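See below for the structure under consideration.
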Amino acid sequence: MPPADNDRFAARRNKLRKLVKKAAADAILVTNVHNVSYLTGFTGHDSYLLVTPDTEVLLSDPRYTQQLEEECPGLNLESRTPGKSILTSVQKMIQASGVTQLAFESTSLTVALRDQLAGKLAKIALIPAAGLVEELREIKDAEEIAAIRQAIYCAEEAFAVVRAGLHPDQTERQIAADLEYQVRRFGGKALSFPPIVGVGERAALPHGVPSEKKVGEDSFVLIDWGALAGGYVSDLTRVLATGKISPKIKRIYDIVLKAQLRAIAAIKPGALMCDVDKAAREEIASAGFGKRFGHGLGHGIGLEVHEAPRFNSSQTRPLQVGMVVTVEPGIYIPGFGGVRIEDDVLVTKHGHEVLTSVPKDFD
Ligand code: GLY
Ligand code: MN
């Protein structure tokens, strides 16, 4: 890893130190795998990062020795020997550090591990802290945005191939499998989540699991997919017409598209997340389908496919430059079908940039 990358991760850890201080702690044990990765560049698992006021140490194990040298040269390491618990490494490091107030990630550490840690660190105050690293992750830097663009590229190229090859005998499961194969062919490491493929009335399941239903059994199919590339993800949804579509599904499609475009138009720095959600929700409600849009408008994407921030009525915070969010309104009618249209949008200084570009025609 070039030195510039080391500086990038060091800068993130320094920002975290300020948040730890604000949380009245003098160090933090980072246990969430994505947060460890965000702060170090390490992409392996089963490793914790201890960040104290003047140093940091990655607690890992010998399976990762070579990978750690490649991914985070210069980072202090404590590699536990086989049979030793990672908490023993934590105990050793904390006792040597002079830390007395240790923050831990309360949304990641299990109750069992927290209790074991308390047993090992009897004289140390353990301070539950939630969302400190996640807060930093909300704002993407240029390299992260480039990685998201790459994840979008893989997803969109894969979709173009799958779309061109759609035929009536294909099942939802086969479409899902083809998407995965194509994403990998275009350089993606994997899909960013198990894809949702729903033909006809199965499109009413917002998180439907692909089945043996065939494309030819109805006139439309919903596909929700994304790619993982360079550690970052994309997340898109399109509904394709595969036969003669009814006026009802066309009307629903047009309402969802209008709602999505209205919400996207509202995205700019300072806009409240709840207001962006409301823009889409009002459009759908005024068309009489308010009760059929049963989820938030969207979510942040980055290292994870669902991360902060969120678009829903309780999020009164403003959008900030560098956030990357999905905008995905939907209308779902059991027994008939559903429509969701989802794009990935970057908040920019002057408003927004829609990063995804798959056409939204439906005929
Ligand atoms: N694309 C799936 C979801 O956002 O839940
Ligand atoms: Mn999504």
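Ligands are counted one by one from 1 in listed order, and the atoms in each one are counted from 1 as well. Count residues from 1 along the sequence. All of these numbers come straight from a predicted model, not from anything done at the bench.
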(message) Once salt bridge (charged side-chain N to carboxylate O under 4.0 Å, His left out) is applied, do any residues pair with Arg63, and if so which ones, sequence neighbours excluded?
(response) Asp46, Asp61
(message) Does Lys268 have more than 12 heavy atoms from other residues, nucleotides or ligands lying within 6.0 Å of its NZ?
(response) no
(message) Under a plain distance cut-off of 3.5 Å, with no hydrogens placed, do Thr242 and Asp218 share a side-chain donor-acceptor pair?
(response) no
(request) Give a yes or no answer on whether the side chain of Asp26 reaches the backbone of Gln101 with a donor-acceptor pair at less than 3.5 Å. (result) yes
(message) Tell me the angle that OD2 of Asp235 and OE2 of Glu328 form around the Mn ion (ligand 2), rounded to 10°.
(response) 150°
(message) Please name the atom of Glu342, limited to N, O or S, that comes nearest to the Mn ion (ligand 2).
(response) OE2
(message) Of all the N, O or S atoms in His299, which has the shortest distance to the Mn ion (ligand 2)?
(response) NE2
(request) Could you pull out all residues at least two apart from Asn32 that satisfy side-chain contact (heavy atoms from CB on, under 4.5 Å)? (result) His34, Asn35, Glu105, Ser108, Glu134, Arg137
(request) Show your reasoning for whether side chain to side chain donor-acceptor pair (under 3.5 Å) applies to Asp277 and Gln315. (result) CA-CA 9 Å; Asp277 179 90; Gln315 297 296 319; over 6 Å; no
(request) May I have all residue pairs that pass ring-ring contact (aromatic ring centres under 6.0 Å, His included) and include part of residues 218-275, sequence neighbours excluded? (result) Phe159-Trp225, Tyr253-Phe362
Which N/O atoms of ligand 1 sit under 3.5 Å from a protein N/O, and at what distances?
residue: ligand 1; atom: 1 (N); partner: Asp224; partner atom: OD1; Å: 2.8
residue: ligand 1; atom: 1 (N); partner: Asp224; partner atom: OD2; Å: 2.8
residue: ligand 1; atom: 1 (N); partner: Asp235; partner atom: OD1; Å: 2.7
residue: ligand 1; atom: 1 (N); partner: Asp235; partner atom: OD2; Å: 3.1
residue: ligand 1; atom: 4 (O); partner: Asp235; partner atom: OD2; Å: 3.2
residue: ligand 1; atom: 4 (O); partner: His299; partner atom: NE2; Å: 2.9
residue: ligand 1; atom: 4 (O); partner: His306; partner atom: NE2; Å: 2.8
residue: ligand 1; atom: 4 (O); partner: Glu328; partner atom: OE2; Å: 3.3
residue: ligand 1; atom: 5 (O); partner: His207; partner atom: NE2; Å: 2.6
residue: ligand 1; atom: 5 (O); partner: His306; partner atom: NE2; Å: 2.9

